Amino acid sequence: MGADGHAGIESVAVLGGGTMGGGIAGYLARAGLRVALVDASLELAEQARERLLERTQGHVDAGLLPDEATAATARVATPPDLEAAVGDADLVIEAVPEEQALKEDILGRCSAAARATAIITSNTSSLPIGGLAPAVGEPARFLGVHWFNPPEWTPGIEVIAATGTSRETVERVVAFLRAIGKRPAEVADRAGFVSNRLQMALLREALACVEEGLATRESIDEVVRSTFGFRLPFFGPFLIADMAGLDTYQSVFETLEREVGPEFAAPAAVRELVEAGRLGTKSGNGFGDYTEAERERLLLERDRRYAALAKLLAELDDSG
Ligand SMILES: NC(=O)c1ccc[n+]([C@@H]2O[C@H](COP(=O)([O-])OP(=O)(O)OC[C@H]3O[C@@H](n4cnc5c(N)ncnc54)[C@H](O)[C@@H]3O)[C@@H](O)[C@H]2O)c1
């Protein structure tokens, strides 16, 4: 794909060739971009590139990627240092370890060496983008672009603007991510963003269940993946709650509050909706509004997707 097809971005520098940076570099090279990968030393960058090539070959051998993927991934370059890598880049992706001081140092060097038009992004999982922004000379071109592991296969990416990030930068990055087949969602700049706030809450409660003797880790993994987790490829918490019934959710919150703890008190938003008779799809509105026809379509589409997922799990022989 040419420059326009990638929102004017042709050349990318990936800084840090570990779990995330390596996978991101390979994905972008296979999407047709010019990719430079650097690590803490040239030797480490070359090792990261070797690991990436092995991983790609493994995916080709397993039938997950076409044969051409090997040659496309081999085009990932390893320039001698960070300055050489970012000097030619339209987009910089910082993916070094999750340490504020290290990221500040790397972003400062990027900012000095990159072209004024280059967009600089951080893949931080949790550090506020506004706290990293002062390290970048021109904050208008800096933002968080949070990929998920494994980056080749996970579609979603959080896009996080800091107060100084320009709208133009955000829009260009969103267009770029869509052009390479990802599903960006813009979220606000607060530690952990949305994904890790929710993920960590789930893990915290899962560990509390183990500690309270409710179930083993294995049983909890099974319950999560095969009950409410089964829905998550298709629906988020609001649509799921609307389909379940907000009055039912309120009763569950009340029981949990009484029996488990005050942190489970029904949220005000749920209480207000129930009070107003907005109970979800069954009453025609809840968090969302649904005509009779929309509700029928939604429920049929839900069941069509669940049936397809159940079949896929059986085919993968991975249903339990
Ligand atoms: N692992 C995940 O699931 C995941 C998911 C999303 C975001 N992230 C974030 O992505 C970033 C990288 O995480 P990771 O899991 O890939 O870490 P990692 O430890 O696997 O990789 C980090 C890489 O950075 C390199 N590095 C260290 N110092 C460097 C320097 N001065 N210059 C260039 N490279 C340097 C390391 O040698 C290593 O190869 C972190 O901010 C992390 O929070 C991780």
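Remember, it's 1-based here, ligands and their atoms both numbered in the order they're listed. Model, not experiment: these values are computed from the prediction.
Between Glu296 and Arg302, no side-chain nitrogen of the basic residue sits less than 4.0 Å from a carboxylate oxygen of the acidic one, so the salt-bridge criterion is not met.
Checked by atom type and distance alone, the side chain of Asp39 pairs as donor or acceptor with a backbone atom of Gly17 at under 3.5 Å. Formation of a donor-acceptor pair under 3.5 Å by the Thr227 side chain with backbone atoms of Val223 is found in this model.
Annotation: side chain of Thr154 is not in contact with side chain of Asn149 (no heavy-atom distance under 4.5 Å).
Here Leu256 is tied into one hydrophobic group with Val252, Val260, Phe264, each link being a pair of ILVMFWY side chains closer than 4.5 Å.
Listed by chain and number, Gly16, Gly17, Gly18, Thr19, Met20, Asp39, Ala40, Ala95, Val96, Pro97, Glu98, Leu102, Lys103, Ile106, Asn123, Thr124, Ser125, His146, Trp147, Asn149 each place a non-hydrogen atom less than 4.0 angstrom from ligand 1.
In terms of heavy atoms, Pro97 sits closest to Leu102 at CD-CD2, 3.6 Å.
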